[in-house]
Amino acid sequence: MAPPPPPPRCATATTTAHHSLLGSPTCLARPRRRCCAVRAAVAVQAEAQAKVSLIRIGTRGSLFEICKYDSPLALAQAHETRDKLKAAHSELAEEGAVEIVIIKTTGDMILDKPLADIGGKGLFTKEIDDALLQGRIDIAVHSMKDVPTYLPEGTILPCNLPREDVRDAFICLTANSLAELPAGSVVGSASLRRQSQILYKYPSLKVVNFRGNVQTRLRKLKEGDVHATLLALAGLKRLNMAETATSVLSVEEMLPAVAQGAIGIACRSNDDTMMNYLSSLNHEDTRLAVACEREFLSVLDGNCRTPIAAYASRDKDGNCSFRGLLASPDGSTVYETSRTGPYDFDIMVEMGKDAGHELKAKAGPGFFDSLQ
């Protein structure tokens, strides 16, 4: 005699967790009233999950923390953006209203070559920009120092969050500063900006390519691959890892990268809803400083083969103080300039442009040809 058919399952769920719950013998053996209660609870959960997010945030990263391509810093910046949006807009505070979409970028996956050899910093943003233009995400969160001076047609970057500390952190197990490192010590850095300034001031040191996320670089340092490394203090702070810094370099000792410490948020240029959301988060002082520095970079047509540094900030009198630097990768040649003027968008953009033209003229065309 054939066995009786099994009782009907309580419901069909959309996630692995719900399948395992509803498919258990315990659930199937419960009385009808209890099963109906479970069915109702699952329906509510499924409805919450099926709710369409009001904002999808695109960012670099990996679905798995153990993945070598993971970018915890990028995820931390996306979470910061999400939390600020929720705090500013009550409708976004509801469960599921803001979704973070993780996108792998080419720059994250190719770690054994210098950035200049694989196409430059745009490799950290291209796939995210593509997702934005294709409508798979609504806004894109970027480290501004990774964003090319041009934006893809159809996108706009109307928002900068308040800037973090722009300084670089020195990390070493045996010395307290670059000056204390013995001749021949190896410093790991993927940044030509850092390399050129280190070699200009400490020509007895050696700088080697050193890529990977923050955790990877710290592990390599601990394993003895290099004697020391430099990391952006802003990234360490956002990861709650500032205590790993042995010391902090002043901007006079190590001029930061263009837009270092600044987060930029892009959206489609025809998306008024997202622009309104982002305008509520914009920090105007940061936006103006970043615009000044990026104009300087744009004039110099900077890429990953050109060591360039710049920093614009509001001084104690409320004016803009700007410093810019252009160097050769080996540190043998360094050009510097500075400007001071009113903290005004148009004036600051002109200030960055003028400083760029000054250093471009000082260096001459042969300087840039040698970097190709």
Side-chain angles (χ1 to χ4, degrees), residues 57-61 70-88 100 121 124-125 128 139-147 157-171 189-191 193-194 197 212-215 217-218 229-266 278-294 296-297 308-316 320-325 343 348 352:
I57 301 174
T59 183
R60 293 165 53 192
D70 188 37
S71 182
L73 177 56
L75 293 174
Q77 293 176 168
H79 290 152
E80 180 180 344
T81 302
R82 178 198 61 190
D83 294 345
K84 288 181 180 294
L85 284 168
K86 287 187 172 187
I100 293 177
K121 289 185 179 179
F124 289 116
T125 59
I128 300 174
I139 62 176
V141 178
H142 297 299
S143 291
M144 282 303 300
K145 66 182 180 63
D146 292 333
V147 178
L157 209 157
C159 174
N160 287 119
L161 298 185
R163 197 172 196 175
E164 247 297 357
D165 198 317
V166 302
R167 295 174 296 171
D168 280 325
F170 173 78
I171 306 175
S189 176
S191 164
R193 169 190 65 85
R194 292 184 179 121
Q197 293 184 76
N213 62 36
V214 170
Q215 290 80 357
R217 297 188 205 191
L218 293 177
T229 189
L230 270 62
L231 295 173
L233 184 58
L236 294 177
K237 286 188 172 183
R238 288 187 174 120
L239 291 170
N240 295 315
M241 296 174 65
E243 72 282 354
T244 62
T246 305
S247 61
V248 177
L249 282 64
S250 69
V251 293
E252 287 73 31
E253 184 175 3
M254 180 64 64
L255 197 62
V258 167
Q260 183 159 314
I263 295 173
I265 311 174
L278 295 181
S279 65
S280 67
L281 303 188
N282 181 56
H283 187 257
E284 192 65 1
D285 266 21
T286 298
R287 187 180 76 88
L288 268 58
V290 167
C292 177
E293 295 167 22
R294 282 169 59 82
F296 172 75
L297 180 67
I308 295 172
Y311 180 45
S313 62
R314 190 187 287 273
D315 64 20
K316 58 181 175 55
C320 173
S321 174
F322 173 84
R323 286 182 59 210
L325 176 149
Y343 212 94
M348 290 170 67

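Worth knowing before you read on, the calculation uses all heavy atoms, side chains too, and leaves out hydrogens, waters and symmetry mates.
Between T81 and T59, every side-chain heavy-atom pair lies at or beyond the 4.5 Å cut-off. Between Q197 and E253, the closest side-chain pair of non-hydrogen atoms is not below 4.5 Å. A heavy-atom distance below 4.5 Å is found between the side chains of R167 and V251. Side-chain atoms of T286 and M144, non-hydrogen and from C-beta on, never get closer than 4.5 Å to each other. Contact of the M241 side chain with the Q215 side chain is registered, since non-hydrogen atoms from C-beta on lie closer than 4.5 Å. The shortest side-chain heavy-atom distance between R294 and V147 falls under the 4.5 Å cut-off. Side-chain contact between L231 and T244 is absent, with no heavy atoms from C-beta onward closer than 4.5 Å.
The residues R238 and E164 are annotated as not salt-bridged, no charged nitrogen and carboxylate oxygen being separated by less than 4.0 angstrom.
By the side chain to side chain contact (heavy atoms under 4.5 Å, CB included) test, S189 pairs with S191, R194, V207, sequence neighbours left out. D83 is linked by a salt bridge (Lys or Arg N to Asp or Glu O under 4.0 Å) to nothing, counting only residues two or more places apart in sequence or in another chain.
Under the 3.5 Å distance criterion, the side-chain polar atoms of N160 are matched with a main-chain donor or acceptor of I263. A distance-only check finds no donor-acceptor pair linking the side chain of R163 to the backbone of A289 [under 3.5 Å].
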Pair up each side-chain donor or acceptor in residues 72-79 with any protein partner under 3.5 Å, not counting sequence neighbours, and list the distances.
{"residue": "Q77", "atom": "OE1", "partner": "S143", "partner atom": "OG", "Å": "3.3"}
{"residue": "Q77", "atom": "NE2", "partner": "S143", "partner atom": "OG", "Å": "3.2"}
{"residue": "H79", "atom": "ND1", "partner": "L75", "partner atom": "O", "Å": "3.3"}

